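Since the model is a prediction, treat every value here as computed from it, not as a measurement.
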Amino acid sequence: MFPKYDVIVVGAGHAGCEAAAAAANLGSKVLLITMNMQTIAQMSCNPAMGGIAKGQIVREIDAMGGYSGIVTDASMIQFRMLNRSKGPAMWSPRAQSDRMLFAATWRDMLEKTPNVDFYQDMVSSLLVKDNKVYGVVTGLGHEIQSRAVVVTSGTFLNGVIHIGEKRFGGGRVAEKAATGITEQLVSLGFESDRLKTGTPPRIDGRSLDYSKMEEQKGDDEIVGFSYLNTPKPKEQRSCWITYTSQTVHDILKTGFDRSPMYTGRIEGVGPRYCPSIEDKINRFAERDRHQLFIEPEGWNTVEIYVNGFSTSLPEEVQYEALRHVPGFEKVRIFRPGYAIEYDYFPPTQLRHSLETKGLDNLFFAGQINGTTGYEEAACQGLMAGINAHQKINQLEAVILKRSEAYIGVLIDDLISKGTEEPYRMFTSRAEFRTLLRQDNADLRLTELSYRLGLASQERMDRTLVKKTGVEKIKTTLREFSLEQIESEQYLLDKNSATLTQKQKANQVLLRPGIDLPSMINAIPRLALTLDEFDREIVEEAEIQIKYAVYIEKEKELVQKMAQLEDLLIPDSFNYDKINSLSNEALQKFKKIRPRTLGQASRISGVNPSDVQILMVYMGR
């Protein structure tokens, strides 16, 4: 009934979809197995993509030839570039999506991708022989063979849903949990643990009074996520902001004695940076209110997502508390908030390629590795799909460095440090964030992906046009002398000192408050020289000129750090020979088996002296 596949992808969430697309576009024959064909690429939690550091990840996925950026652009109902008031390293794109359109667009793109087959069933176990995975066994009893398997099980592995004192199995509300894989892998020597995440109630938007809330509109200019020229919406939907109060908190506290979090029924650790409302009022008791973002679920629905109100309290407590939020006095709930507890496998059991150390040809991506968020899952799926294809074709694994991409930071963090709580990406996790901006992901990654055969010719051509254009603008501004008379009114309008003599345009651009688009608009002679370049190329050139000193400093730091990254540690290295290592370092090195001295230095609990000892020993 089934042919033998190159790659089987288990689960069709954000990680699974990107894994299937990447492996198929590289030429592998892929089977995507999902428990429900109607929930492919489901936005299980909030209807949004991007945000701080997450937006950079989506742009990196796009630059590599993944689909998340294109799908987000096609389904967005609002776009905002966050942190515009800060430096460009902090700018982060974020979009509200139409939940149903997002999933439909993903499915449409996958169906149009050659080499992707679909099958609806639960995977109950893996086919294993001689320490290698060679396929899967499904709930209906089918044995389907493949050369590699990518497991992207999300919150479904032994998932349990909690609402107050109610507790039932499920991977998402109204969807059953997946069983069998954890038990099999644990019997084969894998270590597993439990994590918890939560989601807020969904609300009938017709029952809200928006006059009591603050409106949050989208940006006038929609930049979007994809470096391809994707269509953008002609109009946008507003989000709204309201707040909890002390009264709301007091009502919520009445349900604490029935909360699964406080009665010990939930054992898994929840996300530190996306806590439930009960966690917030407990941890931040000094605050008398918390912000809530009221987010529409799409163009053609009245359903509303209450961002900031994740909860697993009893339904009647959720309802009573919401009724005391400004604008929610007559609220109607479509679905209560709930918590979900699920199995994950601590990611120190993986290689940088996302292949497991315990079994060859088995790859993990997404929440199974302890991450939280669509974007973190999607980028792991992309890399697991690429590396599954590479492995079965005896090609070198694709491993992004920490200095090349947020994706590289995320994977290295997971594998070197592990995680005991759902991992979320932040700009602060990247030591080279001045280099890893959202504006230059194409310049960083597209050529690499094009050489692999993933990024298209169109992407490569656009990247080369941008690269050439940026250099041309930088050269022009270095050579272009601004006259005193032609620049006087512009500089006065910008509250900047007027020129006393000719000055090169790139020097004037370094002044605070001066930006390149307004300079081009105000000085006709400059406009004539630079009118061929679009907004994206002009912005990139300006960033490179204004932040040149910081960019160069960071590049120097990368080169210094590269010395450690280039020192490879053989897989067979015997750490027991080194008597002077601390006990903790010895245990961590033997468990994680770092690839390089650089990775060894980032393992938590390892001291600089341990790294120096290791370096000296390797030098011998």
Set of salt bridge (charged side-chain N to carboxylate O under 4.0 Å, His left out) partners for Glu165, sequence neighbours left out: none
Aromatic ring proximity, centroids under 6.0 angstrom, His14 and Phe102: yes
Set of side chain to side chain donor-acceptor pair (under 3.5 Å) partners for Lys280, sequence neighbours left out: none
All N/O donor-acceptor pairs, side-chain side in residues 221-228, below 3.5 Å, sequence neighbours left out:
| unit_1 | atom_1 | unit_2 | atom_2 | d |
| --- | --- | --- | --- | --- |
| Glu221 | OE2 | Arg535 | NE | 2.9 |
| Ser226 | OG | Asp62 | OD1 | 2.8 |
| Ser226 | OG | Asp62 | OD2 | 3.2 |
| Ser226 | OG | Leu228 | N | 3.1 |
| Tyr227 | OH | Gln438 | O | 2.6 |
| Tyr227 | OH | Ala441 | N | 3.2 |

For Tyr550, all residues meeting ring-ring contact (aromatic ring centres under 6.0 Å, His included), sequence neighbours excluded: none
By ring-ring contact (aromatic ring centres under 6.0 Å, His included) - contacts of Phe168 (at least two apart): none
Partner residues of Glu278 under the side chain to side chain donor-acceptor pair (under 3.5 Å) criterion, sequence neighbours left out: Thr311, Ser312
Results of side chain to side chain donor-acceptor pair (under 3.5 Å) for Glu286 - residues two or more places apart only: none
Salt bridge (Lys or Arg N to Asp or Glu O under 4.0 Å) pairs, two or more places apart, involving residues 290-310: Arg94-Glu295, Arg99-Glu297, Arg202-Glu297
ring-ring contact (aromatic ring centres under 6.0 Å, His included) against Phe256, all qualifying residues, sequence neighbours excluded: Tyr262
For Ser259, all residues meeting side chain to side chain donor-acceptor pair (under 3.5 Å), sequence neighbours excluded: none
Contacts of type salt bridge (charged side-chain N to carboxylate O under 4.0 Å, His left out), residue Arg289, not counting sequence neighbours: none
Qualifying salt bridge (Lys or Arg N to Asp or Glu O under 4.0 Å) pairs with a residue from residues 238-260, counting only residues at least two apart or across chains: Arg258-Glu316
